[in-house]
Amino acid sequence: MAKVLMKGNEAIGAAAIEAGCRYFFGYPITPQSELPEYMARELPKVGGVFLQAESEIAAINMVYGAAGAGARVMTSSSSPGISLKQEGISYIAGAELPCLIVNIMRGGPGLGSILPSQTDYFQATRGGGNGDYRLVVLAPSNVQELVDLVIEGFDIADQYRNPVMILGDGMIGQMMEPVELRKPKQRELPPKDWATDGTKDKRKPNIINSLYLAAEELEAHNQRLQEKYKKIMENEVKVESYNIEDADVVIAAYGTISRIAKTAISQLEKEGYKVGLIRPITLWPYPYDEFEKINDKCKGILTVEMNTGQMVDDVKIAVKGKFPVYFHGRTGGMVPTPDEIIDKVKKIYGGEI
Amino acid sequence: MTIVFQKTRGLTDVETHYCPGCTHGIVHRLVAEALEELGVLDMAIGVAPVGCAVLAYKYFNCDMHEAAHGRAPAVATGIKRVRPENFVFTYQGDGDLASIGTAEIVHAAHRGEKISTIFINNAIYGMTGGQMAPTTLVGQKATTAPYGRDEAHCGKPIRISEMLATIDGAKFVERVTVTSPAHVRKAKKAIKECFKVQIEGKGFGIVEVLSTCPTNWGLTPTEALKWLEDNMIPYYPLGNFKRPEEVE
Ligand SMILES: Cc1ncc(C[n+]2csc(CCOP(=O)(O)OP(=O)(O)O)c2C)c(N)n1
Ligand code: SF4
Ligand SMILES: [Mg+2]
């Protein structure tokens with residue numbers, strides 16, 4: 001397919017339809033409304049259903065129903081709306097249903113702002129809803145990667161019967177870049193023989209449920225979930241890294257911020273500094289092992305985020321105290337600049353921080 | 001020997017957990033019989049609530065979803081949009097439907113969602129131990145209304161059927177009870193008529209069933225039936241509020 005120029009939010013819709021998603025339930029919120037608008041326009045043309053729900057709570061529960069009935073289904077929102085969806089996300093994770101949830105993050109807490117941010121990292125990777133569950137969290141840094149991850153995200157969801165979240169940082173939703181809708185790597189997808197489509201008097205009833213009243217049963221259910229999460233951790237980590245075997249300072253950044261970090265790195269290289277990059281593409285499962293490859297002489301890891309320090313916790317877990325971990329973040333819709341990053345790296349080099 | 005009564009295939013053989021004298025069980029049987037008699041049991045997908053009927057997914061002999069508290073109509077919407085050829089119903093209590101899930105039920109009705117809802121109004125939160133429901137009568141005691149429901153403090157009980165009947169998308173609305181064999185027969189007729197509205201693709205239907213909770217009302221099963229008739233029916237009048245003209 002030829003490349004076409006698309007805005008991030010619309011590209012998500014095109015990728016989802018390409019992946020066979022035919023159901024979208026959502027509620028308007030800036031800065032992601034181009035996506036439901038695109039789906040409202042395009043889904044009916046392919047025999048699908050777009051439905052604007054009365055709230056994000058209803059939307060995610062419609063997703064729960066549709067996913068349980070066996071459909072490829074998605075919803076999208078931005079931070080405050082994702083907060084409302086947490087109840088449903090927890091039920092979907094508990095009942096082990098596949099679906100795609102898009103969060104195009106804006107500033108918080110509370111109503112915050114409509115400007116880009118990365119302030120929902122904790123919520124996305126640590127739960128947000130109740131219970132011991134995990135979402136697969138995918139963090140694209142450009143529009144091509146966004147569509148690739150949307151398409152593959154549906155397969156990951158189906159393979160593991162687990163909700164998958166696309167965590168975009170506001171800028172990516174609004175950015176226009178050339179994209180190509182490509183097939184992901186072939187996966188063996190299990191049949192949805194658990195879905196509710198009526199017994200037709202041919203099988204026992206299928207039940208979509210997250211309730212286990214007996215302690216032993218709920219513990220066993222959680223152990224099964226943990227085994228599944230372990231498999232996902234083994235198989236699905238995605239990370240891009242650059243020059244970490246040789247770098248004196250390694251920057252850790254994800255999403256569009258990693259692009260700003262790259263600009264800073266090439267500038268620093270011109271000045272003779274050796275700076276590497278670790279860019280997690282899956283925020284859960286987190287690429288902890290990648291940090292093991294950093295050379296022993298590295299002076300420190302600089303985490304750059306569009307928040308006041310969230311992923312930096314995972315970086316600390318990853319380096320296990322082996323290197324000092326520094327942080328640079330802007331928030332409220334302010335974006336870290338290459339100059340700020342360059343200044344921080346030079347200070348780490350000079351032992352000034 | 002002639003068979004005079006047989007358990008419907010619409011119910012599983014699992015023993016229910018309902019208290020003695022609780023009318024949830026009767027309503028389960030009526031719903032299951034209606035599914036079987038209308039020939040939709042094998043294509044039915046039910047949605048259980050959070051409340052005493054939380055385990056309904058074990059009792060109805062068809063595909064089932066267990067929904068979060070109050071969200072059953074949204075879950076049913078998702079199912080029905082994916083599987084319009086299937087029969088989709090929700091079974092919800094009054095805390096579930098008339099309090100935490102009001103947005104979901106109002107908008108499912110408003111969209112004319114082609115689903116059917118069985119609404120168990122027992123004027124109390126049964127499962128959590130007898131707290132006040134939005135349907136608790138003025139003066140009625142509940143664990144969170146120990147002096148009786150005070151209208152000045154928390155308003156009058158909500159009349160869901162009357163409210164939903166004002167919505168265009170709601171095509172069938174009827175309030176029934178199951179306190180006597182005659183009422184049980186009428187209730188079953190209403191449930192079947194409501195289900196037909198979905199089968200014929202006409203829109204949303206709901207049957208509100210005035211029910212007893214002897215355990216949390218602190219009454220014996222027979223006292224509870226009488227209390228319902230003496231106190232609930234005067235405030236929640238029985239009858240049909242709406243039906244599609246052709247079904248009349
Ligand atoms: C989000 C949430 N809030 C509260 C509860 C606790 N809870 C469980 S059942 C229930 C009330 C159920 O009452 P009702 O819907 O009237 O059903 P009944 O038990 O009377 O049949 C409540 C509040 C819950 N499970 N989830
Ligand atoms: S608590 Fe009340 S509503 Fe619940 S099963 Fe017992 S009698 Fe029925
Ligand atoms: Mg109740």
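- Heavy-atom contacts from other residues, nucleotides or ligands closer than 6.0 Å to CD1 of A:Ile114 number 12 or fewer.
- The ring-ring contact (aromatic ring centres under 6.0 Å, His included) analysis of residues 8-41 of chain B, with sequence neighbours excluded, yields the pairs B:His17-B:Tyr59, B:Tyr18-B:His24, B:Tyr18-B:His28, B:Tyr18-B:Tyr59, B:His24-B:Tyr91, B:His28-B:Tyr59, B:His28-B:Phe60, B:His28-B:Tyr91.
- In this structure, B:Glu104 and A:Ala58 approach most closely via the heavy-atom pair OE2-N, 4.1 Å.
- Within the 4.5 angstrom heavy-atom criterion, only side-chain atoms of B:Asn86, from C-beta onward, approach chain A.
- Interface residue A:Leu213: only side-chain heavy atoms are found under 4.5 Å from chain B.
- Other residues, nucleotides and ligands contribute more than 12 heavy atoms inside 6.0 Å of the NZ atom of B:Lys7.
- With salt bridges taken as basic N to acidic carboxylate O contacts below 4.0 Å, one links B:Asp63 and A:Arg203.
- The candidate with the highest count of non-hydrogen atom pairs below 4.5 Å against chain A, out of B:His65, B:Glu66, B:His110, is B:His65.
- In this structure, A:Leu211 and B:Leu55 have side chains that are in contact, with non-hydrogen atoms separated by less than 4.5 Å.
- With rounding to the nearest 0.5 Å, the separation of NZ in A:Lys200 from CG in B:Asp42 is 9.5 Å.
- Heavy atoms closer than 4.5 Å to chain A are found in both the backbone and the side chain of B:Ala68.
- By a heavy-atom distance cut of under 4.5 Å, A:Ala195, A:Thr196, A:Asp197, A:Gly198 are the residues of residues 189-198 of chain A near chain B, going up by number.
- Between the CD1 atom of B:Ile79 and the OH atom of A:Tyr64 there is a distance of 8.5 Å, given to the nearest 0.5 Å.
- Counting only heavy atoms from C-beta outward, the side chains of A:Ile208 and B:Tyr57 never approach each other to under 4.5 Å.
- Here the closest heavy-atom approach between residue B:Cys62 and residue A:Pro205 is recorded as O-CB, 3.2 Å.
- By the neighbour-count criterion of 12 heavy atoms within 6.0 Å, atom CD of B:Glu85 is densely surrounded, having more than that number from other residues, nucleotides or ligands.
- For A:Ala66 against B:Val82, the heavy-atom pair with the smallest separation is CB-CG2, 3.4 Å.
- Residues from residues 86-93 of chain A that place a non-hydrogen atom less than 4.5 Å from a non-hydrogen atom of chain B comprise A:Glu87, A:Tyr91, given in numerical order.
- When each of A:Ala69, A:Ala67, A:Ala53, A:Gly48 is checked for heavy-atom pairs under 4.5 Å with chain B, A:Ala69 comes out on top.
- Of the atoms belonging to B:His69, it is backbone heavy atoms, and not side-chain ones, that fall under 4.5 Å from chain A.
- The contact list for residues 22-38 of chain A toward chain B, using heavy atoms and a distance under 4.5 Å, reads A:Tyr23, A:Phe25 by residue number.
- At most 12 non-hydrogen atoms from other residues, nucleotides or ligands lie less than 6.0 angstrom from NZ of B:Lys189.
- Ranked by heavy-atom pairs under 4.5 Å with chain B, the list A:Asn209, A:Val73, A:Ile60 is led by A:Asn209.
- Of the two parts of A:Val49, only the side chain, counted from C-beta on, holds a non-hydrogen atom closer than 4.5 Å to a non-hydrogen atom of chain B.
- Considering CD1 of A:Ile207 and CD1 of B:Ile45, their distance stands at 12.5 Å, rounded to 0.5 Å.
- Chain A forms more heavy-atom pairs under 4.5 Å with one residue of B:Lys80, B:Met43, B:Arg83, B:Arg81 than with any other, namely B:Arg83.
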Verdict with supporting geometry, B:Arg111 and A:Glu54, side-chain contact (heavy atoms from CB on, under 4.5 Å): CA-CA 10 Å; B:Arg111 286 189 301 269; A:Glu54 59 270 30; 2.9 Å; yes

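- Under a cut-off of 6.0 angstrom, the local environment of CD in A:Gln226 is crowded, with over 12 non-hydrogen atoms contributed by other residues, nucleotides or ligands.
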